[in-house]
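First up is the structure itself, then whatever we jot down about it.
Computed from a prediction, not measured in an experiment: that's the story for all the values here. Naming: A, B, ... by sequence-line order, numbering from 1 per chain.
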Amino acid sequence: MDYYGTAGIDPLGELARTHFTNEISPSLDGRSVTLLGWVHILRDKGKIKFLVLRDEKGTIQITIPQKKVSEEVFKISEEFKPEYAIAVRGTVVATPQAPSGVEIIPEMFRIINKAHRLPIDVVEGKVDIDLDTRLNHRILDLRKPTVNAIFRIQHSLVRFSREFLEKEGFVEIHTPKIVAEATEGGANLFEIKYFEKKAYLAQSPQFYKQLMILAGFGRVFEIAPVFRAEKHNTRRHVNEYTSFDYEMAWISDVDDVMKMEENMLHYSFKKTREHVPSELELLGVDLKTPKVPFKRIKYAEAIDLLNAEGREMEVTDDLDPESERLLGKIFPEKFGTDMVFLTQYPLELRPAYTMPSMTDEGMTESFDLTYKGMEITTGSQRIHIYDLLVERFKAKGFDPDAFAFYLDPFKYGAPPHGGLGLGVERLTMQLLNIDNVRETTLLPRDRDRLTP
RNA sequence: GCCCCUGUAGUGUAGCUCGGCCUAGCAUUCAAGACUGUCACUCUUGAGACCCGGGUUCAAGUCCCGGCGGGGGCGCCA
């Protein structure tokens, strides 16, 4: 069967890409190259056509003057429509008239696949499209260079954070997402059917990370989805997101955990700056590598700062979004940085496994990292002392028997340890100054979005 | 769980306050045509929409009610 012929398209055949569009420079003048990509823009002047071809790395102008190309090439070019997948073999010509100082004069075209009329523009800057409409057509939406760049940057952030932790002796682990019990009590869980039992989707890898410390891995990390069954509808929340978690043993105190994070982010930001400069430029982001060490202030002090600005808050109150925004404004003014650790949170605001403070009564050995006025990390030293852990579980109203699988291993020489969870999408949105987390989530799952 | 806002061509909007001049405007898109240096090409012609149901009224895109869809805030959190 000639499926290609029936569809009116060409097989790629022997054609292989010789260059990406961003590799075409005036120095290649005269060279024959083969490019594969999509019809991005077609400016048809009649006897001369300008085709902007887009591939994974960028765009390049293909110029099709009727007099300088074969009849067949010109004829095929008449068929092009937006987002046709095409192959082109042609000659590189350096010319000041082309947008990048260089263009391609085609010798051969192949239509690799056709495209229907587009539901949304892939060319940016014509009309603003609602985020919801974009997400309905997310696959096309992701083809836009700026949208694609977001996830290349996200990859870079994750890649280099992982690289840093590996250098520090962390072991990457993969823990179950189907679980029997809640870890923190706070967020609601998605209930699922597990044959004849009830189960839940994990809201955090917390227990398993700690158990792997108890299992003899000195340092572990996991980058995996977590699920929150909250019916929230805000620009900062989705119901499934990627949590970047690590846990480390043999710590002296919670500051060891914070030092690891600031060094990790410093490394990751620096490397990201070096590795994806064109993506950052496309998004207009001047990525500043934050200075190490990051500023640290106690939660109680942050509350004081807020109250000095006229808010009326108790130290046991959680930060509401307005307070977060306010701190996001105060920190740069006062400390000259938008990356600040808040430490020593009150017991009331932290989960049962958090080590109570040894210096500040009623507080915990814990921290949040706020970046440009948003919480992106929560971490702490964990309780490694069995009796204390059981006591704290009871104090939070949990039945220790229900958590035996988690608590029992603490009876057998658990080392002091601590760790954190970092929201990958939130880190990305803050870094890129994007105001809706759905934009930095590849395929968001929110209150009522389950597809694509 | 609570609260606010919103629904007009493929996409984004104007019109809605103060119902009639809306045969629903504009941009982009799409179709056909013109153009040999475009730069989101330009120009000509054409195509394409009032979320659904009920109500008020001589008359509903416009007012009211319900349903469905969308956005955001609070709480909670990354």
Side-chain angles (χ1 to χ4, degrees), chain A residues 40-52 59-69 74 81-83 93 95-101 103 105 115-137 140-141 144 183-189 203-206 223-245 317-322 324-325 349-351 368-371 374-379 420-430 435-438 440-441 446-449:
Chain A
H40 190 56
I41 297 174
L42 187 61
R43 288 188 279 269
D44 186 347
K45 297 286 294 176
K47 295 203 173 66
I48 186 169
K49 302 179 202 300
F50 300 93
L51 161 66
V52 178
T59 58
I60 188 81
Q61 176 166 294
I62 317 268
T63 303
I64 312 160
Q66 190 167 21
K67 282 193 175 164
K68 290 187 190 164
V69 301
F74 197 78
K81 291 190 173 56
E83 296 307 309
V93 176
T95 165
Q97 289 161 298
S100 53
E103 63 186 14
I105 304 294
H116 295 196
R117 183 206 236 206
L118 303 178
I120 59 171
D121 292 336
V122 173
V123 177
E124 297 172 270
K126 287 189 179 177
V127 286
D128 286 331
I129 307 171
D130 288 346
L131 182 56
D132 187 60
T133 307
R134 288 174 45 203
L135 292 176
N136 286 338
H137 305 284
L140 268 182
D141 183 56
K144 294 180 201 164
T183 37
E184 328 210 351
N188 289 320
L189 297 158
Q203 60 171 185
S204 154
Q206 186 57 33
I223 305 161
V226 295
F227 306 89
R228 303 284 164 93
E230 296 283 350
K231 292 182 180 176
H232 36 45
N233 193 351
T234 81
R235 64 180 69 176
R236 323 182 288 291
H237 293 95
V238 282
N239 295 292
E240 173 178 353
Y241 68 89
T242 307
S243 187
F244 189 115
D245 276 85
D317 287 343
D318 215 338
L319 296 180
D320 53 58
E322 198 189 327
E324 278 195 19
R325 277 191 294 276
L349 300 181
R350 289 290 161 150
D368 271 12
L369 179 63
T370 67
Y371 180 31
M374 187 181 291
E375 190 182 297
I376 60 166
T377 293
T378 295
L420 57 75
L422 166 72
V424 170
E425 295 86 351
R426 277 204 181 172
L427 173 68
T428 311
M429 77 187 273
Q430 291 308 89
D435 65 8
N436 194 316
V437 74
R438 293 175 182 89
T440 60
T441 307
D446 64 22
R447 178 69 181 86
D448 34 37
R449 178 174 294 282

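- What you find for A/Arg350 and A/Gly379 is that their closest heavy atoms are NH1-O, 3.6 Å.
- Side chain A/Glu103 to base B/rG37: a donor-acceptor pair is found below 3.5 Å.
- As judged by a 4.0 angstrom heavy-atom cut-off over every strand, A/Val424 is placed among residues making no nucleic acid contact.
- One cannot find a donor-acceptor pair under 3.5 Å joining the base of B/rU38 and the side-chain atoms of A/Gln97.
- Under the 4.5 Å side-chain criterion, counting only non-hydrogen atoms from C-beta, A/Leu140 is in contact with A/Pro119.
- Between A/Arg235 and B/rG73 there is a side-chain N or O to OP1 or OP2 distance below 4.0 Å.
- Between the P atoms of B/rG46 and B/rA27, the separation comes to 13 Å (whole Å).
- Between A/Arg449 and A/Asp132, at least one side-chain N (NZ, or NE/NH1/NH2) sits under 4.0 Å from a carboxylate O, which counts as a salt bridge.
- When each of A/Arg449 and A/Leu369 is assigned the nucleotide of RNA chain B bearing its nearest heavy atom, the one mapping closer to the 5' terminus is A/Arg449.
- A/Thr242 comes within contact range of no nucleotide atom at all, as no heavy-atom separation falls under 4.0 Å.
- In this model, the phosphate group of B/rC74 is approached by a side-chain N or O of A/Arg236 to a distance below 4.0 Å at OP1 or OP2.
- Contact detail for A/Arg235 and A/Arg438: the closest heavy-atom pair is CA-NH1, 4.3 Å.
- For the pair A/Ser243 (side chain) and A/Asp245 (backbone), a donor-acceptor distance under 3.5 Å is absent.
- Comparing the C1' positions of B/rG37 and B/rU28 gives a spacing of 24 Å, expressed to the nearest Å.
- Listed pair A/Thr133 / B/rG12 meets the phosphate criterion, a side-chain N or O lying under 4.0 Å from OP1 or OP2.
- Note on A/Lys45: every side-chain N or O is 4.0 Å or more away from OP1 and OP2 of B/rU42.
- A/Asn136 has no side-chain polar atom (N or O) that falls below the 4.0 Å cut-off from OP1 or OP2 of B/rG69.
- Counting any heavy atom pair closer than 4.0 Å across all strands shown, A/Pro99 reaches a base atom.
- In this model, the phosphate group of B/rA78 is approached by a side-chain N or O of A/Thr378 to a distance below 4.0 Å at OP1 or OP2.
- Heavy atoms of A/Asp318 sit under 4.0 angstrom from primed sugar atoms or phosphate atoms, though from no base atom.
- Within 4.0 Å (heavy atoms only), A/Glu324 reaches at least one base atom of the nucleic acid.
- Distance A/Phe74 CZ to B/rU36 P: 9 Å, rounded to the nearest Å.
- Protein atom NE2 of A/His237 is 12 Å distant from nucleotide atom C1' of B/rG73, rounded to whole Å.
- OP1 or OP2 of B/rG72 sits under 4.0 Å from a side-chain N or O of A/Arg438.
- A/Lys67 comes within contact range of at least one nucleobase, with a heavy-atom separation under 4.0 Å.
- The side chain of A/Phe50 lies closest to B/rU38, out of B/rA78, B/rU38, B/rG10.
- A/Glu425 places a side-chain N or O within donor-acceptor distance of the main-chain N or O of A/Thr242, the cut-off being under 3.5 Å.
- Residue-to-nucleotide proximity on RNA chain B shows that, of A/Pro82 and A/Ile41, the 5′-proximal contact is made by A/Pro82.
- Residue A/Glu124 is out of contact with every strand shown, counting any heavy-atom pair closer than 4.0 Å.
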